Amino acid sequence: MTRDGDTAVPPRAPQPPAPQGRPGRHAALLAAVLAAVLAVSAVIFVGVSADGLRGRNTPALDGGGAGNPVAPASAGTWVTAWATAPGGGEPGTETAGLAGRSVRNVVHTTAGGTRARVTLSNLYGRAPLTLTHASIAVSAGPDTAAALAGTLRPLTFAGNPSVVVPAGGQVVSDAVRVPIPRDAHVLISTYSPVPSGPVTYHKHARQISWVAEGEHTRDTTGAAYNGQSTVWRYVTALDVLGDDSEGTVVVLGDSLTDGITATVGADARWPDVLSGRLRAALASGRDLPRYSVVNAGLSGNRVLADGPGRPPRNPSAPRRFDRDVLGRANVRVVVVALGVNDILRAPDTADPERIVRGLTGLTERAHARGIKVVGATLMPYRGHHGWTPYSEDVRQRVNAEIRDGGVFDEVVDFDEAVRDGYDPRRFRDGYDSGDGLHPSDEGYARMAETFELKALKGGAPARL
């Protein structure tokens with residue numbers, strides 16, 4: 001196949017002159033032989049071309065692969081089963097990074113497959129990141145660094161067990177043959193022997209991951225991993241190949257999507273709950289798309305401005321849109337839940353028209369790639385110390401524009417779902433985590449429950 005998915009046909013072989021004698025019989029026989037040769041050539045050509053495809057949105061043929069267990073060929077679609085947004089360099093790692101230690105990240109899948117590949121980032125590193133060993137495995141159970149028997153696989157990069165990730169860059173591993181279940185925890189382990197500067201990380205993982213002294217990426221028992229952390233390091237995406245899902249939904253948001261007040265280890269962020277709802281609805285027979293749902297929430301994220309630093313520690317949604325949304329595999333829908341931080345950072349001067357224009361710009365960029373956009377209204381936060389009467393007016397004006405239908409293709413009204421009936425500037429009882437701004441687990445569940453699953457159907461409007 002060619003890179004754009006069109007079937008490539010080998011050049012037609014020159015036709016020899018028909019033999020003398022019994023022309024009909026000999027011509028038919030020769031035609032049959034030539035047809036067989038051409039068919040075999042086409043199979044070989046397509047197989048070689050498909051093996052060379054590395055595009056994140058390309059259906060692939062599945063073979064053993066260099067350095068991977070040999071397996072029968074199978075077809076499938078690449079989707080992103082888990083993802084996160086890199087948000088900065090981890091404090092305390094500025095000099096040595098995590099040299100001499102193994103990091104075992106624990107991530108939760110929303111799609112299953114027969115092959116997997118991993119994206120590793122050195123976005124905030126000031127020096128090249130050398131990884132000499134990396135692996136992937138299905139976790140043996142909750143709250144453990146142990147791998148499920150028979151699932152641990154070493155990862156390779158262009159056929160090599162080691163890779164050097166340039167400062168500010170990222171790499172994608174080779175695809176490895178491994179059964180990845182949906183709704184499972186997966187262990188992604190890396191080892192770096194030398195200092196690399198700041199470790200690129202995601203601060204609010206709300207998941208326990210593990211650290212070990214020395215090189216233990218192939219340790220299946222997990223015994224060496226006696227250190228714990230609540231951040232994700234280096235890893236930013238897990239893609240899977242299979243028939244479980246046909247596309248990816250990316251949720252682009254701030255701390256309300258990141259789920260920074262959700263119970264650790266419970267997968268209680270609202271995108272997690274949304275994924276569970278979608279799968280339950282599909283199991284009941286509803287006519288809905290089979291999509292994975294991945295969380296690109298980043299605490300403090302804004303539409304109109306970056307965070308401090310170079311590169312910015314919290315890049316604006318437009319700045320990170322290509323990497324954290326368009327860079328995921330087979331994205332069909334993006335859900336945008338942003339705008340509150342643009343108001344909170346300027347509670348007395350925020351411009352609702354600029355915020356709406358910024359949100360509309362995200363929709364236009366998604367449409368240029370044929371991606372549908374579902375947008376959310378801004379939730380109340382009267383109990384938060386950053387609330388002002390002016391900021392409340394801005395929030396209401398932004399929500400009015402969103403509800404009017406000119407910003408997004410579909411709208412989910414989180415504001416209406418969680419606000420108090422007697423004081424709509426506040427959360428309803430039980431939905432507030434306690435700070436007036438971030439939901440409780442019950443509040444996150446309510447957000448996911450109010451999301452109309454049929455909004456995921458269909459594509460972006462046709463471009464005229």
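The structure displayed is predicted, hence computed values, not measured ones.
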Indicate the atoms forming the closest heavy-atom contact of [X] with [Y], along with that distance.
X: L338; Y: A317; result: CD1-CB, 3.5 Å
X: H438; Y: S433; result: O-OG, 2.7 Å
X: A296; Y: D324; result: CB-O, 4.1 Å
X: G430; Y: E442; result: O-OE1, 3.4 Å
X: V373; Y: A366; result: CG2-CB, 3.4 Å
X: Y124; Y: N314; result: OH-N, 4.5 Å

Point-to-point distance, once rounded to the nearest 0.5 Å, from [atom1] of [X] to [atom2] of [Y]:
X: L187; Y: S135; atom1: CG; atom2: OG; value: 8.0 Å
X: W387; Y: R395; atom1: CH2; atom2: CZ; value: 9.5 Å
X: W82; Y: T236; atom1: CH2; atom2: OG1; value: 6.5 Å
X: S192; Y: N122; atom1: OG; atom2: CG; value: 9.0 Å
X: F427; Y: R419; atom1: CZ; atom2: CZ; value: 12.5 Å
X: L131; Y: T190; atom1: CG; atom2: OG1; value: 5.5 Å

Of L298, N295, V303, L362, which is the lone residue that meets side chain to side chain contact (heavy atoms under 4.5 Å, CB included) with L252?
L362

Hydrogens and angles aside, do [X] and [Y] bring a side-chain donor and acceptor to less than 3.5 Å of each other?
X: S173; Y: R117; value: no
X: S255; Y: H204; value: no
X: T248; Y: N330; value: no
X: Q207; Y: S209; value: no
X: W270; Y: T257; value: yes

Restricting to side-chain contact (heavy atoms from CB on, under 4.5 Å), what partner residues turn up for [X], sequence neighbours left out?
X: D219; value: H216, T221, A224, Y225
X: V412; value: V374, A376, F414, T450, F451
X: L304; value: D342, R354, I355

Within the 4.5 Å heavy-atom criterion, are [X] and [Y] side-chain neighbours or not?
X: E452; Y: E410; result: no
X: I188; Y: Y234; result: no
X: H133; Y: S102; result: no
X: R323; Y: S121; result: no
X: P439; Y: Y431; result: no
X: V398; Y: I402; result: yes
X: L155; Y: L120; result: no
X: I208; Y: V106; result: no

Under 3.5 Å, side chain of [X] to main-chain N/O of [Y], donor-acceptor pair present?
X: D258; Y: I260; value: no
X: D254; Y: L256; value: yes
X: N399; Y: L378; value: yes
X: H202; Y: A85; value: yes
X: T109; Y: P181; value: yes
X: R332; Y: G247; value: no
X: S292; Y: T80; value: yes
X: R153; Y: V176; value: no
X: S196; Y: A127; value: no
X: S284; Y: A281; value: yes

For the residue pair H108 and H185, does the interplanar ring angle fall in the parallel (under 30°), tilted (30 to 60°) or perpendicular (over 60°) class?
tilted

Y381 and S391: CA distance, side-chain angles, deciding distance, side-chain contact (heavy atoms from CB on, under 4.5 Å) verdict
CA-CA 10 Å; Y381 60 95; S391 68; 3.3 Å; yes

Going by an N to O cut-off under 4.0 Å, is there a salt bridge joining [X] and [Y]?
X: R279; Y: D244; answer: yes
X: R269; Y: D267; answer: yes
X: R403; Y: D415; answer: yes
X: D243; Y: R290; answer: no
X: R382; Y: D423; answer: no
X: D432; Y: R426; answer: no

Working note: V331 + L326, criterion side-chain contact (heavy atoms from CB on, under 4.5 Å); need CA distance, chi angles, decisive distance, verdict.
CA-CA 7 Å; V331 179; L326 302 182; over 6 Å; no

Stepwise side-chain contact (heavy atoms from CB on, under 4.5 Å) check, K457 with L288:
CA-CA 7 Å; K457 299 180 68 173; L288 294 166; 4.1 Å; yes

For R302 and S316, run side-chain hydrogen bond (donor to acceptor under 3.5 Å, both in side chains): C-alpha distance rounded to whole Å, both residues' side-chain angles, the deciding distance at 0.1 Å, then the answer.
CA-CA 5 Å; R302 287 180 278 176; S316 69; over 6 Å; no

Stepwise side-chain contact (heavy atoms from CB on, under 4.5 Å) test for F408 and V336
CA-CA 9 Å; F408 305 115; V336 178; 4.0 Å; yes

Heavy-atom neighbours of R218 CZ exceed 12 at 6.0 Å
no

